[in-house]
Every structure is written in structure tokens, then in C-alpha cells.
Amino acid sequence: MLTAQDSLWMAHALQLAERGLYTTSPNPRVGCVLVKDGVLLGEGWHERAGQPHAEVHALRAAAAKARGATAYVTLEPCSHHGRTPPCADALIAARVERVVVAMQDPNPLVAGQGIARLNDAGMEVEFGLMEAAARELNIGFVSRMTRGMPWLRSKIAMSLDGRTALGNGASQWITGAAARRDGHHWRARSCAVLTGIGTVLADDAQLTVREVETTRQPLRVVLDSTLRMPLSARILQGGNVLLYTATQDAQKIAALEQAGAQVAVLADAQGRVDLAACLRDLAARGINEVLVEAGHTLNGALLQAGLIDELIVYLAPQLLGDMARGMAQLGELTRLEQRVELDWQDVRSVGKDLRLLARVHKKPNL
């Protein structure tokens, strides 16, 4: 039976897992602690793909003391050989007596098999403790494994009257420095940052993480139906750029690839980039979380297609007027049933601005 002490140790394991927030992709963020008679024997977290999993770090720290201990793991121990051996086997070999698991692994290669292996070895296994917190920590990994799509967040900076840029396109800066630094945290935890060619042409943005410490940069993804990307664009510097286009122009594609970009042709029936196909392709590339940093046109298209899962809105205490640009180009709605409904997740102050987190409650049918 689960106890209050179990919850405290699992909370510690979740804190450990969070240390891999910027580094573990495409793998999930996982933490593990080994405890016996109320004493912490070992702990660990998964730091990056290809390196030992959380359970291995904890077992190494505990050594022979792991025998008879309880392991608290934020995700079901793996049961298959990937780049590292199965963690379920490592726990069995160490003679751990009890395993408390926050959530089942949604990866079809595991999906209950790790728990079954532990049960077959005669170990006491309990799962579901603090499952919601564990799921939130790996929401992109869960999305990729269960939907074949990454978790898509859109980051938007806007005024109190819902405007993201002046009519002439000027938008730097609507929000303050603290909000911009906070935005880099969301970039750093994302596997990819997605924008449209219009934003690249207007701002010549790099879309790199600069305001927080990180050991890896997200993939920079640009939707560019007709390949208007200038070869001198700053976003092409340093590589790690993927362009999705709808054109088969071999000469333009070759020039961009020579400049260091990858180019993928994914066109829809209207000759534009197929948005859903792009996200499925990103998932196939191991992308768990995508951060959209784009203008009202792309945000509107993604919302209309029902592809945005979450909005991160930085709300500045200012008014830009009704001639300024809105946050999403949705066209005219004629029935309230067509509206995009949201569920509030969090509201907090970030410097002089507010940060609003909301999830799309019902996919629109416009």
C-alpha cells in the first residue's frame, strides 16, 4: 500500500528527472531513487540519449545496499535492448524488493512489459503514484508515442488588447526582458522551434537559445512553401535547420542544402506546405516538443488545422490599437460554436508582464 513517505520519495525522483529537461530528447526525462528503512541509498536521472538510464545511476550509487530496497522510478523501467540494456533486468539483478512507478511507458517497445517482467521476478510493483506530474514532465514524449505527433506549443507576445505587432509589422519589443528570458527557457526544453518564412524575412531571427544555459540547441524549422529563404539569413548559420517546402525547385533546394539546411518537400493539395504532414515527419525524426514562434498567419493556420496543443502568452500592460495585428488569423467566425476554446493552466507575473498558459480544449471546426 502506498504511503505518504512513498509520495515524498517519488517527488524527489521527479525533481531529479527534471534535471534532464533540456538534454534527454528524444528519450523521456526520468528520475530514480533507491531507499531502504527511510534512508536514501542512491539516486540518478537520465541525462541524455545513449547514456545510462536513471535506474543505472541509482543502482551504481547504492551498490550492494540496493538488495531489499525500494526503487522509486518516474517512468516504467525499460524491458528492451536499445542503446543501453533493460533497466528492469538491472533492478532484478540487484535484488531490489519493491518498485514504485509513477506511470507506464507509452513506448510500444515497453508499454507494460517492464512492469510484467518485475512481477514475474516476484517483485512487489505499484504504479500510478504522482502519474499526472510524471506525464506533464514528458508530455511531448507521450504525445509522440501515442499520437505520432509532437506536443505543439505556440509562444505569443501580445498587448492587453490582443495585438502582436503594429500594422507595419513592428513588434520588437512588446514584452520586457524578463519575459524574453523566460521564452528562452521554453526554447531550451523544446526539441524544435518552428516558424514561418514571413517571420524570418521580417525579423531575420536566429531562434537559438541564448538567455539560459543549455548543452544543445533545438532544431530550427521553417515553413517556406516557395523557398523564399535568403541564403544570407542568420537562421542558416551553424546548420541544424530544416526547411519544409511545397516546391520541387531543384536549384533552390541545392543552394539551401549547400548553405547547411535540410530541405523536405511536403505539399498539400493546394500547393502549400502540409502542416500535419510536417508534424508527423518531425515525430518520425524523434522530436517530442515543438515551440512555435511565428506571426498571426501561421498561428491561425495551425489553430484552424487543430494542431496547436498549448499556448504560452506573454501579456504586456499596453494597448496597440485596433489597426495592429492580432495573435491568430482565423477569418470571420459566424457562430460561437466555431470559437477556439481554451483551458487555463497557469497565470503568473514575469517581470512587468503576465504569462498565461492555456491548452486548446476543443479543436476548432472552422
Side-chain angles (χ1 to χ4, degrees), residues 1-21 23-138 141-142 145:
M1 185 177 70
L2 294 170
T3 67
Q5 284 297 311
D6 290 329
S7 295
L8 288 174
W9 288 118
M10 185 61 78
H12 182 53
L14 285 164
Q15 290 176 333
L16 291 171
E18 195 170 358
R19 296 186 187 183
L21 193 65
T23 60
T24 63
S25 60
N27 289 359
R29 300 145 183 154
V30 183
C32 176
V33 296
L34 288 166
V35 179
K36 187 175 181 180
D37 298 327
V39 177
L40 177 64
L41 305 176
E43 64 181 32
W45 68 94
H46 183 45
E47 298 178 21
R48 64 184 69 251
Q51 293 187 6
H53 290 185
E55 298 94 323
V56 173
H57 285 298
L59 287 168
R60 286 176 178 173
K65 295 179 182 178
R67 183 169 185 167
T70 295
Y72 298 89
V73 191
T74 61
L75 186 71
E76 175 184 3
C78 61
S79 56
H80 66 292
H81 281 269
R83 282 190 270 185
T84 58
C87 291
D89 289 353
L91 291 168
I92 293 168
R95 302 288 183 90
V96 170
E97 185 174 284
R98 177 174 177 249
V99 181
V100 181
V101 180
M103 66 172 286
Q104 182 174 300
D105 193 334
N107 186 343
L109 295 175
V110 185
Q113 295 179 55
I115 292 174
R117 188 172 295 190
L118 297 174
N119 280 322
D120 290 344
M123 300 173 71
E124 179 186 352
V125 182
E126 300 184 74
F127 65 95
L129 178 63
M130 305 184 76
E131 180 176 358
R135 186 171 293 271
E136 281 296 314
L137 189 60
N138 284 305
F141 179 76
V142 172
M145 288 296 160

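Since the model is a prediction, treat every value here as computed from it, not as a measurement. Both backbone and side-chain heavy atoms feed into the values below; hydrogens, waters and symmetry mates do not.
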- Item | Note, L137 side chain near L75 side chain (heavy atom, < 4.5 Å) | no

- Message: Is the shortest side-chain heavy-atom distance between R60 and P52 below 4.5 Å?
- Response: yes

Supply the atom-to-atom distance [X] [atom1] to [Y] [atom2], rounded to the nearest 0.5 angstrom.
X	Y	atom1	atom2	value
R29	L14	CZ	CG	12.5 Å
L16	E43	CG	CD	5.0 Å
D105	N138	CG	CG	9.0 Å
L129	T74	CG	OG1	11.0 Å
I115	L118	CD1	CG	7.5 Å
T70	M10	OG1	CE	10.5 Å

- Item | Partner set under side-chain hydrogen bond (donor to acceptor under 3.5 Å, both in side chains) for S25, not counting sequence neighbours | R216

- Query: Can you list the residues that meet the side-chain hydrogen bond (donor to acceptor under 3.5 Å, both in side chains) rule with R67, with sequence neighbours excluded?
  - Reply: none

- Item | Verdict with reasoning, V30 to H53, per side-chain contact (heavy atoms from CB on, under 4.5 Å) | CA-CA 8 Å; V30 183; H53 290 185; over 6 Å; no

Exam field: side chain [X] to backbone [Y], donor-acceptor pair closer than 3.5 Å:
X	Y	answer
H46	G31	no
N119	A116	no
E76	G112	yes
T23	E47	yes
D37	V39	no

Indicate the atoms forming the closest heavy-atom contact of [X] with [Y], along with that distance.
X	Y	answer
A71	L91	CB-CD2, 4.1 Å
L34	A62	CD1-CB, 3.7 Å
N27	F141	C-CD1, 4.4 Å
M123	V99	CE-CG2, 3.5 Å
C87	E55	SG-OE1, 3.5 Å

- Item | Within 6.0 angstrom of E131 CD, more than 12 heavy atoms from elsewhere | yes

- Query: Between R98 and E126, is there a side-chain N and carboxylate O pair less than 4.0 Å apart?
  - Reply: yes

- Item | Residue pair T3, D6: steps toward the side-chain contact (heavy atoms from CB on, under 4.5 Å) verdict | CA-CA 5 Å; T3 67; D6 290 329; 3.3 Å; yes

